[in-house]
Participant: 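If you scroll down you'll find the structure; I have some questions about it.
Whatever order the structure lists them in is the order used to number ligands and atoms, beginning at 1. In this chain, numbering begins with 1 at the start of the sequence shown. Computed from heavy atoms alone, side chains included, the values below leave out hydrogens, waters and symmetry copies.
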Amino acid sequence: MSRLELSQTSPLSKHLPDIPLIEDFSFDKLTSFQKNKNLPIHRWFKYLQGFSASLVDSFLMEWEVNENHIVLDPFCGVGTTLLSCQNKGIPSVGIDISPIALMAANEKIAPYPSASDIEESLSDIFAFKHPQSRVPDYEIVHKGFGLESLEQFMHLKGQIIKIINPDVRSILLFALGTIVDEVSLVRKDGAHYRYVKQPKTEDVFGVFKRKVLEIINDIYLQENPPFPIGKPWAWVSSGDARVLPLSDNSIDFIITSPPYLNRDNYIAQSKLELFLLDLVHSFKEYRAVTFKTLQSHIEAKPLEKENQILPIIKELLKALEGRHYSNPKNLDMIVGYFSDMSRVIMEISRVIKPGGVIALVVGNCCWSGVLIEVDKILATLAKSQGLEVREIRVARYKLNSAQQIAKYGKKYVRESILILENRVV
Ligand SMILES: C[S@@+](CC[C@H](N)C(=O)[O-])C[C@H]1O[C@@H](n2cnc3c(N)ncnc32)[C@H](O)[C@@H]1O
């Protein structure tokens, strides 16, 4: 059997519409963040869950999007869609719930502080005129750093928060946040994070300086662009994709990727940054943000008291019945995920203009050995909301996790791009 056939051997197959799956491996490397690592500005913050700017560029070109259109990303993460639109002079809107992702997206879109103002503040910072900042009193902060590294980090924070120019202050605080991964003992891993014995480096001052020089360099390129840029605007807001703060029929195109149904808790993964940068002010506030995220992990809560169990999901539950679960909450998560995604699809079909097109990058998964074809289930939900499914473009196949392979054998899961359209009738 081909990988394509293997990726369709799910118990729900007979209930899913016969939508053609079109393999297009030119998207193979584009669904991950990898390619952004060398791109100016995109590279400022490495986001595990991000997609590549080339994926966005490819749809902007294919759909002939221009400066008279508005593009939405309701799960904008660190702003890949917005920055790609900005680079082409196209207005865009981004919504996300994660404070660290929103901070990154906001700093990455124009206007930027001037490169020379940042340069000036950088030399002031290393003059150490102000006392070090107070160490936030949370276990993860104490366990997450060596003593010397924590001291250096808090010294930098103490200098940065005293900077008078608010734009320079915020971009430098963001720069400090971007180095946490490199200088701390915390690694984003699996659903949450884990501690390691050694940081990648203990030279906090050196890593910070290099990051700021990278930012200065990239802003300088923008101030002296090698190609003409129009006057785009991008608007980023904290919000929930299940209740979009946008008017009906206000958006021309949507390019987005919701969280995958893989139990990754993005908020937990950024817990150290959230506390270090005062992006949350108490454990209660941290938990409140976690509760509000989409139910792609077991710590999120339904928007209303109960999740809606959709008819297609009832069929899925039958297939999952009696299976062994490492955590019984996994079943609630699966129900909750599709209940939430049904709302998201309802919202995007409300805000998209007639004729508008949507690209939704999604990942299929396996739970207790059962293959869940997320792309086809979401296509079914989209159809029921009146959207046309143009195609499911298969970008690549991935194998299920090592744990699942050991227990249930190899399974191929698709990573696909669902292309939907609000057909004019
Ligand atoms: C797969 S990532 C998108 C990454 C983005 N494409 C990029 O390149 O940075 C999914 C995003 O959904 C966000 N998210 C989770 N629950 C949300 C919700 N209820 N509303 C809006 N965003 C949410 C997460 O914080 C995460 O940034």
Participant: Can you classify the ring geometry of Trp44 versus Phe174 as parallel (below 30°), tilted (30 to 60°) or perpendicular (above 60°)?
Facilitator: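 Rings of Trp44 and Phe174: tilted, 30 to 60°.
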Participant: Name the orientation class of the two ring planes belonging to Tyr195 and Tyr193 (parallel below 30°, tilted from 30 to 60°, perpendicular beyond 60°).
Facilitator: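 Tyr195 vs Tyr193 ring planes: perpendicular.
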Participant: Going by the side-chain hydrogen bond (donor to acceptor under 3.5 Å, both in side chains) test, which pairs reach into residues 91-111, not counting sequence neighbours?
Facilitator: Glu107-Ser170
Participant: At a heavy-atom distance under 4.0 Å, which protein residues reach ligand 1? Sort them by chain and number, would you?
Facilitator: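 Those residues closer than 4.0 Å to ligand 1 by some heavy atom are Tyr47, Gln49, Gly50, Phe51, Pro74, Phe75, Cys76, Gly77, Val78, Thr80, Asp96, Ile97, Ser98, Gly239, Asp240, Ala241, Ser257, Pro258, Pro259, Tyr266, Lys292, Thr293, Leu294.
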Participant: Under a 4.0 Å threshold between the charged nitrogen and the carboxylate oxygen, would Lys88 count as salt-bridged to Asp57?
Facilitator: yes
Participant: Enumerate the residue pairs fulfilling side-chain hydrogen bond (donor to acceptor under 3.5 Å, both in side chains) with a member in residues 19-29, sequence neighbours excluded, ordered by first and then second residue.
Facilitator: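 Listed by first then second residue: Glu23-Tyr397, Asp24-Ser26.
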Participant: Would you give me the side-chain donor-acceptor pairs under 3.5 Å for residues 133-140, sequence neighbours excluded?
Facilitator:
residue	atom	partner	partner atom	Å
Asp137	OD1	His142	NE2	2.9
Tyr138	OH	His281	O	3.4

